[in-house]
Amino acid sequence: MGFMDALGSGLGKMAALAQEVQTYKMEYETMSDNDLKREYNALLHKSGVEERNRRAAIQSVLSDRGYSAP
């Protein structure tokens with residue numbers, strides 16, 4: 001059952017990642033478009049899991065507002 005355990009673990013990590021991005025997205029939904037773009041550009045120069053998840057959340061908010069991905 002090693003494959004099923006690995007699959008379950010992978011799915012669990014994806015769910016946690018989606019939840020974290022959703023949390024950041026809720027934070028960013030109140031920001032103006034210009035503020036979001038500034039935040040995205042500031043995060044481009046940083047690496048890490050949190051920064052990547054925050055960029056994904058910003059992309060999602062901007063996409064919801066009709067912008068193409070930065």
Side-chain angles (χ1 to χ4, degrees):
M1 221 163 85
F3 174 74
M4 293 304 286
D5 290 339
L7 181 61
S9 175
L11 291 174
K13 288 179 184 178
M14 286 176 49
L17 171 68
Q19 180 62 41
E20 185 174 351
V21 170
Q22 184 62 33
T23 300
Y24 294 141
K25 184 176 177 181
M26 290 175 12
E27 175 184 330
Y28 289 129
E29 286 176 331
T30 61
M31 294 175 69
S32 72
D33 297 345
N34 287 334
D35 287 342
L36 286 171
K37 291 174 186 176
R38 275 193 289 274
E39 178 76 8
Y40 184 87
N41 287 328
L43 290 169
L44 280 177
H45 304 293
K46 299 177 182 177
S47 62
V49 174
E50 180 180 350
E51 288 81 6
R52 184 186 67 222
N53 292 341
R54 286 184 175 275
R55 285 191 308 264
I58 292 170
Q59 287 176 329
S60 180
V61 170
L62 290 173
S63 177
D64 290 349
R65 294 181 184 181
Y67 293 96
S68 60

| Hey, any chance Val61 and Leu44 share a hydrophobic cluster, counting ILVMFWY side chains that come within less than 4.5 Å of each other, even indirectly? | yes
Counting only pairs under 3.5 Å, give me each side-chain donor-acceptor contact of residues 27-34, with atom names and distances, residues two or more places apart or in other chains.
{"unit_1": "Glu27", "atom_1": "OE2", "unit_2": "Arg54", "atom_2": "NH1", "d": "3.3"}
{"unit_1": "Tyr28", "atom_1": "OH", "unit_2": "Glu39", "atom_2": "OE2", "d": "3.3"}
{"unit_1": "Tyr28", "atom_1": "OH", "unit_2": "Arg54", "atom_2": "NH1", "d": "2.9"}
{"unit_1": "Thr30", "atom_1": "OG1", "unit_2": "Glu27", "atom_2": "O", "d": "3.4"}
{"unit_1": "Ser32", "atom_1": "OG", "unit_2": "Asp35", "atom_2": "N", "d": "3.1"}
{"unit_1": "Ser32", "atom_1": "OG", "unit_2": "Asp35", "atom_2": "OD2", "d": "3.2"}
{"unit_1": "Asp33", "atom_1": "OD1", "unit_2": "Arg65", "atom_2": "NH1", "d": "2.5"}
{"unit_1": "Asp33", "atom_1": "OD2", "unit_2": "Tyr67", "atom_2": "OH", "d": "2.6"}

Whether the side chain of Ser60 engages the backbone of Ala56 through a donor-acceptor N/O pair (distance < 3.5 Å, no angle test) should be reported. no
When every non-hydrogen atom of Ile58 is compared with those of Leu36, the smallest separation belongs to CG2-O, 3.8 Å
The reported gap from OH in Tyr24 to CD in Glu51 (rounded to nearest 0.5 angstrom) is 8.5 Å
*asked:* Any heavy-atom pair between the side chains of Asn53 and Glu50 that's under 4.5 Å?
replied: no
